[in-house]
Every structure is written in C-alpha cells, then in structure tokens.
Amino acid sequence: MEKIKIRGRHDLCLKGTVKISGAKNAVLPAIAASLLTKEKVHLQNVPQVKDVFTILTLMKDLGAEYEINDNSLCVQVRKINSYEASYTLVRAMRASILVLGPLLARYGKAMVALPGGCAIGSRPTDLHIHGFEKLGASIDLEHGYIRAESSRLQGTKIEFERKTVGGTENLLMAACLAKGETILKNCAKEPEVVDLCTLLIKMGARIDGVGEDVIRIKGTAELGGASHNIIPDRIESGTFLIAGALAGDSITIKNVRPDHLHTVIEKMKYSGVPITELSTHSLIVSKQENLKAQDITTSPYPGFPTDMQAQFTVLMTQAEGTSIITETIFDRRFSHINELLRLGANIEVSGDKAIVKGKTHLSGAETTATDLRASASLVLAGLIASGETTITEAHHLDRGYENLEKKLISLGADIERIKE
Ligand code: EPZ
C-alpha cells in the first residue's frame, strides 16, 4: 500500500502555474459510448487516472480494442466477446454501470453487477433500471446482477424521479439506437452530461435539448466513429482553487472552464477569496487571510457540486465564524470529517449537516483516506497543517487526480508518496 507524506506550514506559499487535466467524469461515459459503434472513437485530453484504466479493463473484457498514448485514446468495439461487467470491476468503480445502456442498445443484452454501497453512501440503480424498462427492456435482478435483454429498444417518455448524472447518461446512450423518439425529463445538466451529448452528436446521434431538463433523442439504426476533446476537470480545478485560497501566492490555473465552476467561484469570492478570470480558460487565485464563513448546500448542477463539498469544508476551517455544510446528494459523504478533526478542525456532524467553526490552526497528524474527494480534502488540510501529515490508502486519490503530487510540488508544496 502507499501513503502520502506532507510537511505542511501554516504560512505555506504556493506559487506558479498548474494545468488542469481532462475530466474523469466526462471521459468515463465517453469511453462507454464507444460501445455504440463499430468504428473508432478518438478521445483527446484523457486523464491518466485509475478509473480510466479500470473502465478500459472492463471494455477489453467486453471485446473492445484500444490504444492510449499520453492523453490520447482510441477505442474500437468491432465485436463483443462478453456482455458481463463483473462484480470485481463494478465494485472497484460504480461508473462501470455506464456500459449497460450501450450494450443493451447495440447488442440487446447486458449483465452488470449491482454496485452495492461505497464510502459516500448507498449507490442505488433504480432510476437506471426504471428507464430501461420504460424503453422495453426486460430486467431481472438475480445473484447480485442486473440482467437486461431487449430485441430492439422502443423510444418513449421517461421522467427521472430525481436528477441522476449516470442515469441520464445511461439512458441517453441507450436512446440513441432505440426505435423512434425518446424524451428524457428531469435530466442532469452537469457539464459532463453535455460533453457526452456533444460526442454522441459527433457520432451521428440526433439529440435536442442538450444541457436542459428535457432532452429529446431520435433513435438511429447505427452510429459512426468520432474524434472528441474531453472537457477540463471542474472538480480538479475547484480543488486547486481551494489550494490557492488556503496557501496561494497568486497561483495560475490553466485549461479550466470557469463557467463550469460558477457556483464554487461565487461562494469562494463571497468568502473573500481573490479569484480573477484571466481568460475563458484560466484563473488566478491567492490566499486570503480574513476569510468569511459561508454556508453551502450541495445540489445538482448548476448548484454547488457534492464533489467539492469536502474540499470547501477545509477552506471553511480557516474562515472566521460558523459555516453550515449541507450534503443533499449522498447519504454518507462526511467520512473526511473525522480525519479533519485529527488535524485540529472544529466540526460537528448532525444529520446531513457539518457545522464548521473557524478559524482553527491545523497541526499535522496521521490520517486515512476513505474515498476520492475525502482524500483530496486531507491533502489540502495537510498543506497548511503545521508539521507532518500522512495519508494512508492514498490509492483513492489516484482514481480521479492525474499527477496530483507532481502538480503540487511544482507549486512549492513539500509532499511525497512512500510505500508502506
Ligand atoms: C456521478 O455519480 C459522479 N460520478 C459522482 O462523482 C458525482 O458525485 C455524482 O454524479 C453527483 O454529481 C461519475 O460521473 C462517474 P447520481 P452518479 O446518479 O452518476 C441517487 C466523484 O467523486 N440515485 O447523480 O453515481 C444516488 O444515490 C464521483 O468523481 C438513485 O437514488 O450519481 C445519489 O444520492 C463521486 N437511484 C443521487 O441519486 C439511481 O438509480 C445522485 O446520484 C441513481 C442514483
């Protein structure tokens, strides 16, 4: 196992430029979408993170061929060898369920393990299953697997009971090859969903209402190949914005889409963080000594993203006053709090709220990562905690951050990875 060691300083000064990688949560559905065609799909700005290699392992098991060089990926699915996404892979990455829709649409069959729960909460799939049944698929849940079959999906109206990113993406992909028109209502509007629609349209899909609550898809007999540039990772961008707000002496963040982070930037500016939009693709952020406490409530896009909740909580430990952090998306996304308490934070969890009292001086300690974004929050806290912080289970970080330590070292952080 590996752990991360950070020698933090309360007066740490990070300086320089960091280039944001492609979005993990955009590239995963894009790779799944390559199941919808027998032609090549070329993706650029692909982040070399663990989840990408996990889904590529799954795609290979299904019969895909792929070639990845640096941040360029070419995937082609000429034939299918298997229809099954095993429990081992789904357990490792819940987003494996995104192969269900494309497999069902193109091959009429799919068998995907139920994901079970994870560190951030129960991860049900009822909204996905309900949608596929509405499209005419027969679904059996047996032995921990979703078994789906359909001779030809039939377009229809589907309204999601609640906004679901993966559910919207899965049904979008399935509807592209269904017979007739599908109308999806109450769709997720995350930039990653929009990026998937952009790719699908390049592949020949007929989609109206991209980025809106109601998306109309006119099914076609087949889709073709395409070439697509994955959008920048807005959560990595937000993570570096917080790093800059905690310890930055004018950090420049490049290859970012500020319009994808509007709510986060707005909340940080209300706290007093000086953030300047240099252009449509770069930001400058600096430390602010007198941060003001801010309440946040996570909600579907364009609201405050749940994937930034843990990182923003760290910033609020350095703000004067009390901040109330309300998590409405996942039922157990406060596992980072106990670790932050070990570093000296003053936070109390009550139901779906974490009440943060600042400003507290953090001191280095041994901590344990539990999930991707919780581990990012521990890195952020470790940067400004005086003394040494270690973070075990560091593999969680690698799921969604490309070269995080390297990028932080280039800004002046004292951080290294060691084998346990
Ligand atoms: C996506 O997960 C992201 N993952 C998550 O990012 C992100 O936190 C989440 O969307 C919310 O923005 C990827 O895109 C790969 P949901 P997803 O379906 O699709 C409930 C990260 O750190 N729900 O929008 O799984 C669900 O339990 C990860 O990068 C049902 O009830 O999220 C949750 O409470 C973590 N039934 C809520 O909806 C369903 O069938 C939102 O889930 C599906 C979901």
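Starting from 1, each residue takes its place in the sequence as its number.
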- prompt: Are E366 and T392 close enough that a side-chain donor and a side-chain acceptor fall under 3.5 Å?
  reply: no
query: Can you check whether I296 reaches M308 side chain to side chain, under 4.5 Å on heavy atoms?
result: no
message: Could you tell me if the side chain of L89 sits less than 4.5 Å from the side chain of D61, heavy atoms only?
response: yes
- line: On a heavy-atom basis, the closest approach of Q288 and P274 is CB-CD, 4.0 Å
field: Rounded distance [0.5 Å steps], CG in L196 versus CE in M203
entry: 9.0 Å
task: Go through the side-chain N and O atoms of E84 and Y145 and say whether any donor and acceptor fall under 3.5 Å apart.
output: yes
Rounded distance [0.5 Å steps], NZ in K202 versus NE2 in H228: 5.0 Å
query: Taking S271 for the side chain and K292 for the main chain, is one N or O donor matched with an acceptor at less than 3.5 Å?
result: yes
- prompt: Are the side chains of Q44 and S227 in touch, meaning some heavy atoms are under 4.5 Å apart?
  reply: yes
query: Should S96 and V112 be marked as a side chain to side chain contact (heavy atoms under 4.5 Å, CB included) after you check the CA-CA gap, both sets of side-chain angles, and the distance that decides it?
result: CA-CA 8 Å; S96 306; V112 176; 5.5 Å; no
- prompt: Donor-acceptor pair, R206 side chain versus R216 backbone, under 3.5 Å?
  reply: no
- line: Between E65 and the options K40, R78, K60, K79, the side-chain hydrogen bond (donor to acceptor under 3.5 Å, both in side chains) test singles out R78
message: Looking at every non-hydrogen atom in both residues, tell me the closest pair between I139 and E133 and how far apart they are.
response: CG1-CG, 3.5 Å
Minimum-distance pair of heavy atoms, taken over all atoms of G400 and V49: C-CG1, 3.8 Å
query: Donor-acceptor pair, S323 side chain versus A293 backbone, under 3.5 Å?
result: no
query: Checking side chain to side chain contact (heavy atoms under 4.5 Å, CB included) for the pair I80/L35: CA distance, chi angles, key distance, verdict?
result: CA-CA 9 Å; I80 280 287; L35 284 160; 3.9 Å; yes
message: As a quick check of understanding, evaluate side chain to side chain donor-acceptor pair (under 3.5 Å) for K5 and T390, giving each step before the final call.
response: CA-CA 4 Å; K5 187 186 285 185; T390 57; over 6 Å; no
query: Do T37 side-chain atoms and S34 backbone N/O form a donor-acceptor pair below 3.5 Å?
result: no
task: Please confirm whether the backbone N or O of E159 pairs with a side-chain atom of N186, one donor and one acceptor, at under 3.5 Å?
output: no
message: Quick one, I391 and L397 - any side-chain contact, counting heavy atoms below 4.5 Å?
response: no
message: Checking side-chain polar atoms at under 3.5 Å, does K254 have a donor or acceptor matched by the opposite partner on S282?
response: no
query: Are any non-hydrogen side-chain atoms of L283 and T252 less than 4.5 angstrom apart?
result: no
query: Do NZ/NE/NH1/NH2 and the carboxylate oxygens of E405 and R417 come within less than 4.0 Å?
result: yes
- prompt: Taking the side chain from E393 and the backbone from H396, do they hold a donor-acceptor pair closer than 3.5 Å?
  reply: no
- prompt: Any donor-acceptor pair under 3.5 Å linking the side chain of Q48 with the backbone of D70?
  reply: yes
- prompt: At what distance, to the nearest 0.5 angstrom, does CD1 of I215 lie from SG of C197?
  reply: 4.5 Å
- prompt: Looking just at side-chain N and O atoms, do S138 and E149 make a donor-acceptor pair shorter than 3.5 Å?
  reply: no
field: Polar contact flag, side-chain donor to acceptor under 3.5 angstrom, S335-D371
entry: yes
message: As an exercise, state the distance from NZ of K353 to CD of E348, rounded to the nearest 0.5 Å.
response: 13.0 Å
- request: Using modelled atom types only, decide if a donor and an acceptor are shared between the side chain of K163 and the backbone of C187 within a distance under 3.5 Å.
  value: yes
- request: Specify the closest pair of heavy atoms between T389 and G382, including all atoms of both residues, with the distance to one decimal.
  value: OG1-CA, 3.8 Å
message: Looking at Y270, I'd like to know if its OH atom is crowded, meaning that more than 12 non-hydrogen atoms belonging to other residues, nucleotides or ligands lie closer than 6.0 Å.
response: no
message: To the closest 0.5 Å, what do you measure between CD1 (I337) and CD1 (I347)?
response: 4.0 Å
- prompt: Does H262 NE2 have over 12 foreign heavy atoms under 6.0 Å away?
  reply: no
field: Trace of the side chain to side chain contact (heavy atoms under 4.5 Å, CB included) decision for K357 with I355
entry: CA-CA 7 Å; K357 286 194 170 58; I355 296 104; 4.1 Å; yes
field: The single option from R234, R333, K24 passing salt bridge (charged side-chain N to carboxylate O under 4.0 Å, His left out) against D307
entry: R333
task: Give a yes or no answer on whether the side chain of E2 reaches the backbone of I4 with a donor-acceptor pair at less than 3.5 Å.
output: no
message: One thing to verify: whether E181 and K218 come together as a salt bridge, which I'm taking to mean a side-chain N less than 4.0 angstrom from a carboxylate O.
response: yes
query: Can you tell if the side chain of L98 reaches within under 4.5 Å of the side chain of I31, non-hydrogen atoms only?
result: no
- prompt: With a 4.5 Å heavy-atom cut-off, do L58 and M93 have their side chains touching?
  reply: no
Whether over 12 other heavy atoms sit under 6.0 Å from K267 NZ: yes
- line: Taken to the nearest 0.5 Å, the spacing of L362 CG from L340 CG works out to 8.0 Å
field: Shortest non-hydrogen separation from V165 to V193 and the atoms involved
entry: CG1-CG2, 4.1 Å
- request: Say whether, by atom type as modelled, one donor and one acceptor occur between the side chain of N45 and the main chain of N229 under 3.5 angstrom.
  value: no
Pairing of R94 and D51 as salt bridge, 4.0 angstrom limit: no
message: How about CD on E161, more than 12 heavy atoms from neighbouring residues, nucleotides or ligands closer than 6.0 Å, or not?
response: no
message: Name the residue from V273, V285, I275 that meets the side-chain contact (heavy atoms from CB on, under 4.5 Å) definition with I265.
response: I275
message: Is any side-chain heavy atom of Y107 closer than 4.5 Å to one of V77?
response: yes
field: Side-chain ion pair, K185 and D213, N-O less than 4.0 Å
entry: no
task: Of all the heavy-atom pairs spanning A110 and L104, show the shortest one and how long it is.
output: CB-N, 4.3 Å
Residues 235-246 side chain polar contacts: donor-acceptor under 3.5 Å, at least two apart:
from : atom 1 : to   : atom 2 : distance (Å)
E236 : OE1    : S21  : N      : 2.8
E236 : OE2    : K407 : NZ     : 2.6
S237 : OG     : D233 : O      : 2.7
T239 : OG1    : I235 : O      : 2.7
T239 : OG1    : Q311 : NE2    : 3.2
T239 : OG1    : Y401 : OH     : 2.8

